[in-house]
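Here is the structure we will look at.
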Amino acid sequence: DLPIAANDIRRIVLVACGTAAYAGMVAKYWLEAWTRLPVEVDIASEFRYRRAPVDAHTLAVVISQSGETADTLAALRYIQDEGGRVAAIVNVPHSTIAREADVVLPTHAGPEIGVASTKAFTCQMAVLAALAAGLGAARGTLDAGAVQEISMALSTLPRRVSQLLADMETLQPIARALAGARDVLFVGRGLYFPIALEGALKLKELSYIHAEGYAAGELKHGPIALIDEDVPVIGLAPTGPLFDKTLPNLEQIKARRGQVYLISDGQASVALSGHFIMPAVDDVTGPFLYTLPAQMIAYATAVEKGTDVDQPRNLAKSVTVE
């Protein structure tokens, strides 16, 4: 049970660092659509110093793989001091954040040995999807049929993830192309904008290539100035309402001699440098399945370059200091 009644919640705040914050960004789409509540996603290191308004009608969800992330723990304490209630999504059930939160929502991801968070990220999204569906049901903004559809979609993920992982060898040509790049852009719209951020972060962490994730519609507002023949662009674009909006963005990249690599179940109208063909997805399964190629591109690129995939330089598994 959550520490605040569903109909007493007026605002949800998701607080996390790094990859966990991107899981929160995905969940913002689900939570707003399914609960009709305003949702904010905040980086813990900024939230704790901003004197953010919190009250008894605020549900805060802090997300941390280790449960020891210093900035996230400090944000939790600030929220509680201000009268807010905290649910913690953690992978280590006896961690400090788990002990101090009002309620714990464990991810059950199992030990993750590599420094870069991968399966923990998808497990965090799974817990957040279940939370969003449960809150929607409790508030009456999702009917029983919709909740069942969400639950069934989530239940298909283990099988679909296994099938998709079996095809990852076909990402190798993209990895070889990226291994020689100095800069890489990942772009996506809607639910796939946070996945673009996640893909870029993993490429930075594992291969030491400068990479950025952008909302595809924002390209014309500045980042397109970076595009030339030496900048690969990874487009995350499942078919659906936003597919036809994303294609013109990719066309603009191609017109400026950029290399376009498409991850999609659809066909592009531009000449592609590479295309990883995805299965059809929906708004529940899509972020999970598109995370796999985004992360695996980073892995394969790092292997191609010969960097240490499990222990990248300058990084620690758990950030316990500011």
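Note that the structure is predicted; figures quoted are calculated from it, not measured.
- Taking the side chain as every heavy atom from C-beta outward, V184 and V231 never approach each other to under 4.5 Å.
- Between the side chains of Q259 and Y261, at least one donor N or O lies within less than 3.5 Å of an accepting N or O.
- Distance alone, capped at 3.5 Å, is enough to place a donor-acceptor pair between the K305 side chain and the S207 backbone.
- Nearest approach of A211 to L203, heavy atoms of both residues: CB-CD2, 3.9 Å.
- How far CD1 of I97 is from CD1 of I89: 11.5 Å, rounded to the nearest 0.5 Å.
- Taking the side chain as every heavy atom from C-beta outward, S95 and E68 approach each other to under 4.5 Å.
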Discussion item. Applying side chain to side chain contact (heavy atoms under 4.5 Å, CB included) to T301 and L206, what does each step give before you reach the verdict?
Written reply: CA-CA 8 Å; T301 303; L206 300 185; over 6 Å; no
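- In this structure the side chain of V233 reaches within 4.5 angstrom of the side chain of I227, judged on heavy atoms.
- Residues forming a side-chain contact (heavy atoms from CB on, under 4.5 Å) with R159 (at least two apart in sequence, or on another chain): T156, Q163.
- Atom CG of D283 sits in a sparse spot, with 12 or fewer heavy atoms from other residues, nucleotides or ligands closer than 6.0 Å.
- We find the NZ-CG distance between K202 and L197 to be 11.0 Å, quoted to the nearest 0.5 Å.
- Residues L105 and V90 have side chains not in contact (no heavy-atom distance under 4.5 Å, counting atoms from C-beta outward).
- Shortest non-hydrogen contact noted between L31 and T35 is O-OG1, 2.5 Å.
- To the nearest 0.5 Å, the span separating OG1 on T246 from OH on Y192 amounts to 10.5 Å.
- Applying the side-chain hydrogen bond (donor to acceptor under 3.5 Å, both in side chains) test to pairs two or more places apart or on separate chains, none has a residue in residues 131-145.
- When all heavy atoms are compared, the tightest approach of Q267 to F243 is O-CZ, 3.6 Å.
- Ring orientation note: the planes of W30 and F288 are close to parallel, at an angle under 30° on the 30°/60° scale.
- A donor-acceptor pair under 3.5 Å links the side-chain atoms of S155 to the main chain of M152, judged by distance alone.
- The heavy-atom pair separating A280 from D265 by the smallest distance is CA-OD2, 3.8 Å.
- Between the side chains of Q124 and T107, no donor-acceptor pair of N or O atoms lies under 3.5 Å.
- Between the side chains of T19 and E198, at least one donor N or O lies within less than 3.5 Å of an accepting N or O.
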Practice prompt. Test side chain to side chain contact (heavy atoms under 4.5 Å, CB included) on F276 and L262 and set out the steps.
Written response: CA-CA 6 Å; F276 182 75; L262 181 64; over 6 Å; no
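- Under the 4.5 Å side-chain criterion, counting only non-hydrogen atoms from C-beta, F47 is in contact with I79.
- Contact annotation: the side chain of V284 approaches that of L154 to within less than 4.5 Å [non-hydrogen atoms, C-beta and beyond].
- A salt bridge (Lys or Arg N to Asp or Glu O under 4.0 Å) check over residues 5-29, counting only residues at least two apart or in different chains, returns the pairs R11-E40, K28-E32.
- At least one side-chain heavy atom of L131 sits less than 4.5 Å from a side-chain heavy atom of L2.
- Looking only at distances, a side-chain donor or acceptor of K119 sits under 3.5 Å from a matching main-chain atom of P111.
- Remark: R50 CZ is packed, more than 12 non-hydrogen atoms of other residues, nucleotides or ligands lying under 6.0 Å away.
- Side-chain contact check for T285 and D282: at least one donor-acceptor pair (N or O, by modelled atom type) lies under 3.5 Å.
- Using modelled atom types and a 3.5 Å distance limit, the side chains of D55 and T58 yield a donor-acceptor pair.
- Linking ILVMFWY residues whenever their side-chain heavy atoms come closer than 4.5 Å, directly or via other members, places L292 and F193 in the same cluster.
- A distance of 9.5 Å separates CG in L164 from OH in Y290, rounded to the nearest 0.5 Å.
- Residues L135 and I9 are in side-chain contact: their nearest non-hydrogen atoms beyond the backbone lie under 4.5 Å apart.
- Salt bridge annotation for R48-D71: present, with a cationic side-chain nitrogen under 4.0 angstrom from a carboxylate oxygen.
- Looking only at distances, no side-chain donor or acceptor of R182 sits under 3.5 Å from a matching main-chain atom of H210.
- Taking a 6.0 Å sphere around CD of E229, one finds it holds more than 12 heavy atoms contributed by other residues, nucleotides or ligands.
- The number of heavy-atom neighbours closer than 6.0 Å to CZ of R176, taken from other residues, nucleotides and ligands shown, is above 12.
- The structure places CD of E304 at 5.5 Å from CD of Q172, a figure rounded to the nearest 0.5 Å.
- The two atoms that bring L201 and G18 nearest to each other are CD2-C, 4.3 Å, heavy atoms only.
- The closest donor-acceptor contact from the side chain of E212 to the backbone of F186 lies at 3.5 Å or more, if one exists at all.
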Item to complete: Decide yes or no on side chain to side chain contact (heavy atoms under 4.5 Å, CB included) for L73 and Y78, but give the supporting numbers first.
Response: CA-CA 9 Å; L73 177 59; Y78 169 83; over 6 Å; no
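- The two residues P194 and Y22 come nearest to each other via the heavy atoms CB-O, 3.7 Å.
- Side-chain heavy atoms closer than 4.5 Å link hydrophobic residues (I, L, V, M, F, W, Y) into clusters, and following such links, even through other members, never connects V15 to V127.
- Note that CG of L178 and CD1 of I234 are 5.0 Å apart. Values are rounded to the nearest 0.5 Å.
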Discussion item. Side chain to side chain contact (heavy atoms under 4.5 Å, CB included), that's the test. Do H275 and S264 meet it? Break it down for me.
Written reply: CA-CA 7 Å; H275 185 187; S264 177; 4.2 Å; yes
